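Labels below follow one simple rule: chain letters A, B, ... track the order of the sequence lines, proteins then strands, and each chain is numbered from 1. Below, all heavy atoms of this structure are taken into account, side chains as well, without hydrogens, waters or symmetry copies. Owing to the predicted nature of the structure, the values given are computational and were not obtained by experimental measurement.
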Protein chains: 2
Amino acid sequence: MTTLNEVAAHAGVTPATVSNVLRNRGRVGAATRERVLHAVKELGYRPHLAARALAEGRAPTFALMVSSIANPFYPEFTLAAERAARTSGHFLIVCNTNDDQETGRAYLEQIAGTLSEGVLVTNAELVFDDLRAIAERGTPVVLCMWERPDDPPGLPCVAVDFRLAGALAAQHLLDLGHTRVGALVGSKSSHDDLSPFGIHGARRDGFVERFNAAGNARIVAEFICEADTIRGGYDAARQLLKAHPDVTALYATNDLPALGAMHAAADMGLSVPDDLSVVGITDIQLARESRPALSTVAVPTEEAARMAVDLLRELIDRAPRASRGNPGNTGTPPMRVTSAPVMVPRASTAPPRTQDQRTRSSLRRR
Amino acid sequence: MTTLNEVAAHAGVTPATVSNVLRNRGRVGAATRERVLHAVKELGYRPHLAARALAEGRAPTFALMVSSIANPFYPEFTLAAERAARTSGHFLIVCNTNDDQETGRAYLEQIAGTLSEGVLVTNAELVFDDLRAIAERGTPVVLCMWERPDDPPGLPCVAVDFRLAGALAAQHLLDLGHTRVGALVGSKSSHDDLSPFGIHGARRDGFVERFNAAGNARIVAEFICEADTIRGGYDAARQLLKAHPDVTALYATNDLPALGAMHAAADMGLSVPDDLSVVGITDIQLARESRPALSTVAVPTEEAARMAVDLLRELIDRAPRASRGNPGNTGTPPMRVTSAPVMVPRASTAPPRTQDQRTRSSLRRR
DNA sequence: CTGAAAGCGCTAACAC
DNA sequence: GTGTTAGCGCTTTCAG
């Protein structure tokens, strides 16, 4: 490994000068600069990032906490976050918590402020208290997909109006003429300060409110999705459809369960969208690629990732290492809100069949 | 931020002692150990990983290079790799190269050996030379999904027998009685020392060889998949099916294109598997979750990830930081081969229709 | 068993 | 413009 010192020796200057030319800091004479650059090239010098991190008091990485990168939403987010992070020379360390509090805690404990300059969190519920602690200790933290702009989490965050997303889904179904629908609502966290519907409370409430506002329509049933997966949606949808065969549409608070609901419908002999409409939330890649393509409320994932990284950087700049350890600015933590979600109608939703169409189709079931 | 020194002062010992108790190194008296531990707890001390990295000459991270984490194979691999890495206290830095040589190079240049103790590479083609350079410089590198066990890359690697995978897919189709099939072969890299079919050469050759070995069967057409995506498979399949409507089955060298082929079939009025069988390779999560579920050759992804991480660690131990800069052991680089891929028949493959069934079905097309 | 001292590779004041 | 001098926080010989 070749070090700054070696380069300096080779160029007949002092390490400080080399450092200066490499980072365009102090003014350096054109001649020496040439000599240094030459030596750098010749020796194949590459700065030791860990050493630099120590000296600068700041590491060139962000930690990104996700519940599981296997859930297709997160790779999309991760990709965007990484791109954004790279613009300031930061690397991204992925931390899969698997929705396990201990794992999340362990990551934060080790990484925050020591190997990572800041922390991006997509699933804050489980480690909320730890995040507060980290933040108070002076390491910037940003919650990346806060679901309720109207209810700030008490930490810096980027919020997406998921209540509106739910409302848009409801409106879409209403517009198509659906009056009896079922809802599959995802719930995993049992964190107390969240709605009884867990982390998808806002998505659920937005849907319910809007749908009920239409006098003649009703939400026939709500079923909890045990897991935010295709399988979870499949199981929940089967139950719901069995218990309430008269619904003409299903709303799911996330795309994966919505996709699962489509499969369930298919397996029960219902054709989507003719017999049953299905609408989800997020617009992950797969929603475009499923058959039929999933109607869903698109959420600005990339924008959220970019905003989160930007916010993180601002926090870092605002609280330079000088003030590390200080509680930092005591004002209310900043919140950014992304642009609004938008309904993306695709092939999984259609007007409900008329009564006798339904009768016919019902006969076909099972 | 509380440092080792502060803990030491608080405990009335010297930093060396604190370090010792924290890492169970030098023998420390039970009493002092207690005192130190107490101080650590009281002050909320957390070791500064960047500082430790510098002092130890080794960073607690691995870099994982992937072409794009958005391709669903990689998250699965990443998850497994992260788990394995954690067992030795390593974090994973994800490096999305987007199949761009410059990006890959930039990552390696910066990270390898300075912020990462080792490099895991899933897609070596583009940065092969750089990897060699890195390795020679003394930073361990492992290629994670080498496709041809019989043709070692000249770098440490974990190989999966993809030729066999192709053969298994062929055998499956043969067993079902297919005699006229099409092949969708993925190709992206144009690296010279690879087959004309790019990085999927082994998968293609294995299939072709086995299929042709059955005298009465033939591969009617091979089409190149421009992109290793659902869309790429969709486009290629459409073309192939249009040009060769008589094939009864499609083989794709990866699951995503296979999924796309199923969609293409659906859009062309062909039912899978009745009119057309489709088989892929890998067995990504999505293969299980598609409708119909995709028949595919399962590749031991998790095992590969684990083996890769293990191998990387061995290389690190073998070439301790003392010998950094030395070419290291000059023998031929180690290669590990995972257990064999296995055919997983699911709903997307079936025996071909008999002649008049086909005629009927053909009429339904368009 | 514990302390003292040197140094990992780099940056950052400040002097010359 | 360039060199000098201190560290960053931790590990690690080597003495005591």
Would you say a side-chain N or O of Arg52(A) is under 4.0 Å from OP1 or OP2 of dG9(C)? no
Separation of Leu115(B) atom CG from dC10(C) atom P, in whole Å? 13 Å
Under a 4.0 Å heavy-atom cutoff, the residues of residues 6-22 of chain A touching DNA chain C are Ala16(A), Ser19(A)
Given atom NE2 of His48(B) and atom P of dC8(C), what is their separation to the nearest angstrom? 19 Å
Nearest-Å distance for atom pair CZ/P, residues Arg46(B) and dG9(D): 13 Å
Could you list all N or O pairs between the protein and nucleotides 6-8 of chain D that sit under 3.5 Å apart?
residue, atom, partner, partner atom, Å
dC8(D), O2, Ala55(A), N, 3.2

Ring centres of Phe62(B) and Phe91(B) under 6.0 Å apart? no
Over 60° means perpendicular and under 30° means parallel, so classify the ring planes of Phe128(A) and Trp146(A), tilted if in between. perpendicular
Taking only N and O in the side chain of Arg23(B), is any of them less than 4.0 Å away from OP1 or OP2 of dT12(D)? yes
Under 3.5 Å, side chain of Gln101(A) to main-chain N/O of Leu126(A), donor-acceptor pair present? yes
Taking only heavy atoms on the protein side, list every residue of residues 29-41 of chain B lying under 4.0 Å from any atom of DNA chain C, sorted numerically. Gly29(B), Thr32(B)
Least distance between heavy atoms, Leu79(B) atom then Ser68(A) atom: CD2-OG, 3.9 Å
What do you reckon, is CD of Glu6(A) surrounded by more than 12 foreign heavy atoms closer than 6.0 Å? yes
How close or far is atom P of dC10(C) from atom CZ of Arg58(A), stated in whole angstroms? 18 Å
Do the side-chain N or O atoms of Arg25(B) get closer than 4.0 angstrom to the phosphate oxygens (OP1, OP2) of dT12(D)? yes
